[in-house]
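Below is one structure, written out as structure tokens; the observations come after it.
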Amino acid sequence: MKYEPEFIPMSRAEMDRLGWKEIDILLVTGDAYVDHPSFAMALIGRLLLAEGWRVGIVAQPDWKNPDSLKVMGRPRLACAITAGNMDSMLCIYTVGRRFRREDIYSPGGRTGLKPPMASVVYTQLCKAAFPGIPTVLGGMEASMRRVAHYDYWQDKVRPGVLVDSKADILIYGQGELSTPEVFRRIERGESLDGIPGTVRFLTGKASAEFKIDDSCVLLPSFEEMKSDKDAMMREMIILEREMNAWCGKRLLQDYSGRYLLVEPPQPPMSSAEFDRVCEFPYAWRPHPSYKERIPAFETVRDSIPAVRGCPGGCAFCGLVSHQGRHVISRSQESILRSVERLKKQKFFRGTISDVGGPAGNSYGHHPANPELCKKCRRSSCMFPNHCPNYVADEQPLIRLLRRLRREEGVKHVFINSGIRLDLALMQPELTAEIIRHHVSGHMKVAPEHLHRRVLALMRKGRPEELEEFMRIFERVSRECGKEQYLIPLFISNFPGCTEEEMKVVDDFLASHNWSLEQAQDYIPLPLTMGAAMYYSGKTPDGEVIEVNRGLRERRTQLAMLKHRRDGCRNFAGERIGKNGAEPSGGNTKFRGGGKHGYGSKGSSHKEKRHERH
């Protein structure tokens with residue numbers, strides 16, 4: 001039997017209205033429940049409903065009180081737990097290790113509704129509330145902390161989150177293919193061994209009897225990770241090498257005779273499978289129990305998810321470890337059906353704010369020969385050079401955007417996902433199409449840096465790409481007679497970036513009279529190559545690099561970007577101040593200036609991209 005309630009129940013009263021005496025699976029999440037495909041718990045909940053299980057959600061429970069999980073009774077099968085769409089430590093703390101002023105995934109943006117290391121806390125809460133119940137851990141935080149890792153906010157090496165939480169199994173990556181199989185096996189009482197995209201912690205007899213053979217690759221042990229900083233880099237190199245779903249091997253990490261066993265990743269979904277999970281009967285709005293706005297929903301409520309995965313493999317970004325580098329695109333027909341559903345929402349006013357994913361210009365990309373991808377161990381399709389097997393086809397997105405522009409009831413279609421500069425320069429027709437028709441006044445781009453060596457450490461493209469794109473942007477904007485602005489993102493204090501190299505960015509901004517509202521200081525996210533470089537103080541090749549760690553060391557580079565505030569560039573390359581005023585205090589000349597400039601929108605988007613993304 002399939003259940004399709006308007007909202008997944010969060011209370012006994014909602015269960016009663018559905019005629020449910022019990023739920024099969026309880027979903028526990030650190031985010032407010034928003035029934036939209038961009039919110040992982042809604043997607044997984046709808047997937048489990050579609051597979052025939054009765055599902056309930058407890059969102060942001062009181063983590064000090066196990067009774068807060070008992071509002072719908074004991075689930076028949078299991079508890080599924082996630083910290084939410086972002087790592088809880090990143091959600092709570094800034095790069096300066098101070099409390100954030102807002103939690104965008106909470107009602108009213110209120111802070112304090114989720115605990116640090118929420119995956120561990122919620123799992124232990126479930127075990128206290130329902131003794132003996134199977135617990136399944138998933139989501140962004142679990143995925144990025146699936147093996148021993150460096151935690152920047154605690155400044156120490158932590159074990160895989162499964163070791164601390166003592167959950168029965170961890171699902172990493174996107175999870176749509178692994179999740180139903182895990183719960184089917186729990187229901188049948190079968191072993192959870194060998195499910196792709198999962199992690200288990202083997203203890204006791206299971207650990208003693210496990211046979212290490214050629215199907216396994218040993219990671220540095222947890223003791224090595226704590227005593228030898230170079231072990232973090234060795235671990236990350238192995239992880240990246242074995243992330244291919246078709247040729248990757250099992251990974252094994254020793255914890256004093258007990259083993260953390262990481263199965264190879266699930267293969268990426270097909271386009272049809274992606275269509276299916278995006279077209280569940282979502283309500284496309286927060287649960288009606290919320291009376292306050294949820295900032296993260298306001299950002300995506302008019303958007304359509306279209307792409308999964310990113311070919312970039314940037315060293316600072318968690319996308320490769322979580323979504324993978326294989327690009328999956330929804331079919332045009334599926335996206336149009338989602339547009340029809342969006343048009344029925346009371347809040348919709350005719351503007352689709354985004355059609356995208358990790359990158360706004362990767363829709364429809366595919367391998368020339370899929371069999372070659374099954375043998376590839378590269379961490380990036382774009383660095384150090386563009387893989388000839390990666391087809392950056394611009395026509396699918398051009399056709400989709402033109403079709404959406406003709407859609408009745410749709411006034412505007414914007415691309416607000418970040419545009420990759422390397423792809424934009426490879427797709428001249430698509431880039432011009434986006435600039436002419438699909439820029440909402442401001443276009444976000446992420447050059448990250450302008451020094452060649454630092455860009456190489458970041459696994460980004462050439463320093464000339466930004467100026468090449470600026471010329472295209474200014475020319476096309478002028479041709480179509482539009483006042484449009486570029487919002488760039490630069491990262492300060494990336495491992496290996498010295499003050500001299502950061503000055504290259506500062507000099508560029510000065511030479512173009514370009515000011516920024518806010519800078520992004522580097523945060524070492526768990527299970528990224530950048531974090532391994534930050535912790536070890538070395539590149540993957542073993543070169544010793546300069547790393548700025550404390551606030552005192554970081555301040556100089558951050559100040560280089562922060563002193564250039566309150567403006568962005570218009571299509572003619574002129575600097576525009578807040579509310580369109582010239583920075584010098586001259587007459588108001590252009591609309592939509594710096595108040596929506598770099599940082600206030602750009603940095604928050606980037607932070608989320610690092611995490612899901």
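Throughout, residue positions are numbered sequentially from 1 according to the sequence presented.
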Please check: side-chain N/O of [X] versus main-chain N/O of [Y], any donor-acceptor pairing under 3.5 Å?
X	Y	value
D103	Y105	yes
T431	P428	no
S417	P358	no
R241	R377	no
T351	S353	no
S271	S329	yes
N85	S38	yes
N493	R554	yes
R341	Y282	yes
R285	A283	yes

About how many Å separate [atom2] of [Y] and [atom1] of [X], when rounded to the nearest 0.5 Å?
X	Y	atom1	atom2	result
L423	E465	CG	CD	9.5 Å
C278	R337	SG	CZ	11.0 Å
L336	R330	CG	CZ	9.5 Å
L404	H437	CG	NE2	13.0 Å
Y172	S321	OH	OG	10.0 Å
S379	L239	OG	CG	12.0 Å

Aromatic plane relationship, H36 with W284 - under 30° parallel, 30 to 60° tilted, over 60° perpendicular: perpendicular
Would you name the heavy atoms of [X] and [Y] that are closest together and state the gap between them?
X	Y	answer
R378	P384	NH2-N, 4.3 Å
P286	I294	CB-CD1, 3.8 Å
V547	P495	CG2-CB, 4.3 Å
M144	T528	CE-CG2, 4.0 Å
F494	G530	CZ-CA, 4.2 Å
I491	Y522	CG2-CB, 3.7 Å

With side chains defined as the heavy atoms from C-beta onward, is the minimum distance between [X] and [Y] less than 4.5 Å?
X	Y	value
S303	V355	no
P447	L421	yes
I352	D302	no
F490	L466	yes
Y33	M41	no
H365	Q427	yes

Results of side-chain hydrogen bond (donor to acceptor under 3.5 Å, both in side chains) for E240 - residues two or more places apart only: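 By the side-chain hydrogen bond (donor to acceptor under 3.5 Å, both in side chains) rule, E240 matches R459.
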Any ion pair linking [Y] and [X] (charged N to carboxylate O, less than 4.0 Å)?
X	Y	value
R453	E500	no
K375	E371	no
K343	E408	no
R475	E479	yes
R46	D35	yes
R110	E102	no
E433	R405	yes

Polar side chain donor-acceptor pair, E429 to Q395, under 3.5 angstrom: yes
Contacts of F508 that satisfy ring-ring contact (aromatic ring centres under 6.0 Å, His included) - sequence neighbours left out: H512
Sole residue of V445, N361, L425 in side chain to side chain contact (heavy atoms under 4.5 Å, CB included) with R420: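 The residue from V445, N361, L425 that satisfies side chain to side chain contact (heavy atoms under 4.5 Å, CB included) with R420 turns out to be N361.
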Between side-chain atoms of residues 305-319 and protein atoms elsewhere (two or more places apart, or another chain), which donor-acceptor pairs fall under 3.5 Å?
from: R308; atom 1: NE; to: Q174; atom 2: OE1; distance (Å): 3.2
from: R308; atom 1: NH1; to: Q174; atom 2: OE1; distance (Å): 3.2
from: R308; atom 1: NH1; to: E176; atom 2: OE2; distance (Å): 3.1
from: R308; atom 1: NH2; to: E176; atom 2: OE2; distance (Å): 2.5

Listed partners of S492 passing side chain to side chain contact (heavy atoms under 4.5 Å, CB included), at least two apart: M502, D521, Q557, L558, L561
Side chain to side chain contact (heavy atoms under 4.5 Å, CB included) partners of L551, counting only residues at least two apart: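 Side chain to side chain contact (heavy atoms under 4.5 Å, CB included) check on L551 returns R98, R555.
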Pairs where residues 409-418 contributes a residue and the test salt bridge (charged side-chain N to carboxylate O under 4.0 Å, His left out) is met, not counting sequence neighbours: none
Derivation and outcome, salt bridge (charged side-chain N to carboxylate O under 4.0 Å, His left out), residues E474 and R478: CA-CA 6 Å; E474 291 165 6; R478 188 180 297 109; 5.1 Å; no
